[in-house]
Enquirer: 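Got a structure for you, written out below as structure tokens; questions coming shortly.
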Amino acid sequence: MNKYKLNFIHLCDEATISQDGKLSLIGVFDVVYLKTLPANLLKAVMVCNFDVLEEKINNVNLEISILDQDKEVIKIPPALIQINKKQDVNLPTKVGIMLEIGNIRFYSEGKHSLVATVNIEKLGSVEFTVK
């Protein structure tokens, strides 16, 4: 049985959460346009949401990697995230993450991916193209 269920993962220019808890994504993209290579993407925001399916899990170790084909370009240091349990045990515990990533250096055009891993289990990925 899976311990986690990915609800969504996106790359965007900006993300905000309103006072009443609504998530807004601005500039969701799947293509990174650069004038020359190598070059840096100055800013991107990774936003993901997943359910924790096992009640006994109290924290997750999140790791993010950016891959060029299958070669790792960037590995962001892992983050330990405490999980706030819901009062209603009949509802799944949701974890939402917004991570601003800056100065990502790209050396080649083509397919890339951002991969999210929790507790050494691949949670999911988002594919994008560098042009």
Enquirer: With a 6.0 Å cut-off (strictly less than), is the heavy-atom count around CD1 of I26, excluding the residue itself, greater than 12?
Expert: yes
Enquirer: Can you name the closest pair of heavy atoms from G96 and N49 and give their distance?
Expert: CA-ND2, 4.1 Å
Enquirer: Taking all atoms of both residues into account, what is the closest heavy-atom pair of D30 and E127, and its distance?
Expert: CB-O, 4.0 Å
Enquirer: Does a donor on one side chain and an acceptor on the other come within less than 3.5 Å for N7 and K5?
Expert: yes
Enquirer: Taking the side chain as every heavy atom from C-beta outward, state whether M46 and E100 have any pair of such atoms under 4.5 Å apart.
Expert: no
Enquirer: Of all the heavy-atom pairs spanning N58 and E55, show the shortest one and how long it is.
Expert: OD1-O, 4.5 Å
Enquirer: Taking the side chain as everything from C-beta on, heavy atoms only, tell me whether T117 gets closer than 4.5 Å to L62.
Expert: no
Enquirer: If you look at every heavy atom in L67 and V73, which pair is closest and at what distance?
Expert: C-CG2, 4.1 Å
Enquirer: List in chain and number order the residues that pass ring pair (Phe, Tyr, Trp, His ring centres under 6.0 Å) with Y107, two or more places apart in sequence or in another chain; answer none if no residue qualifies.
Expert: none
Enquirer: Might you point out which heavy atoms bring I9 and G124 nearest each other, and give the distance in Å?
Expert: CD1-O, 4.4 Å
Enquirer: Please check if V32 and I104 belong to a single hydrophobic cluster, counting links between Ile, Leu, Val, Met, Phe, Trp and Tyr side chain heavy atoms closer than 4.5 Å.
Expert: yes
Enquirer: List, by chain and then residue number, the residues other than L23 in its hydrophobic cluster (Ile/Leu/Val/Met/Phe/Trp/Tyr, side-chain heavy atoms under 4.5 Å); write none if there are no others.
Expert: F8, I17, L25, V28, V45, V47, M98
Enquirer: Search all heavy atoms of F106 against all heavy atoms of I66 and return the closest pair with its distance.
Expert: CE2-CG2, 4.3 Å
Enquirer: Starting from L41, can I reach I64 by hopping between I/L/V/M/F/W/Y residues whose side chains sit under 4.5 Å apart?
Expert: yes
Enquirer: Answer yes if V126 and I97 sit in the same cluster of Ile, Leu, Val, Met, Phe, Trp and Tyr residues linked by side chain heavy atoms under 4.5 Å apart, and no otherwise.
Expert: yes
Enquirer: Would you call L114 and I101 a side-chain contact if the rule is heavy atoms closer than 4.5 Å?
Expert: yes
Enquirer: Does L34 form a side chain to side chain contact (heavy atoms under 4.5 Å, CB included) with K131? I'd like the steps, not just the answer.
Expert: CA-CA 6 Å; L34 300 171; K131 290 186 176 185; over 6 Å; no
Enquirer: Side chains of D68 and S108: do they bring a donor and an acceptor to under 3.5 Å?
Expert: yes
Enquirer: Can you tell me how far the CG atom of N119 sits from the CD1 atom of I57, to the nearest 0.5 Å?
Expert: 6.5 Å
Enquirer: Is a side-chain donor or acceptor of D51 paired with a backbone partner of P92 at a separation under 3.5 angstrom?
Expert: no
Enquirer: I want to check something: taking the side chain as every heavy atom from C-beta on, are Y33 and V130 in contact at a cut-off of under 4.5 Å?
Expert: no
Enquirer: Consider only side-chain heavy atoms of I, L, V, M, F, W and Y, link residues closer than 4.5 Å, and tell whether Y4 and L6 are in one cluster.
Expert: yes
Enquirer: Could you verify whether a donor N or O on one side chain and an acceptor N or O on the other, from E63 and S65, lie under 3.5 Å apart?
Expert: no
Enquirer: Any heavy-atom pair between the side chains of I81 and N59 that's under 4.5 Å?
Expert: no
Enquirer: What orientation do H112 and F128 show, parallel under 30°, tilted 30 to 60°, or perpendicular over 60°?
Expert: parallel
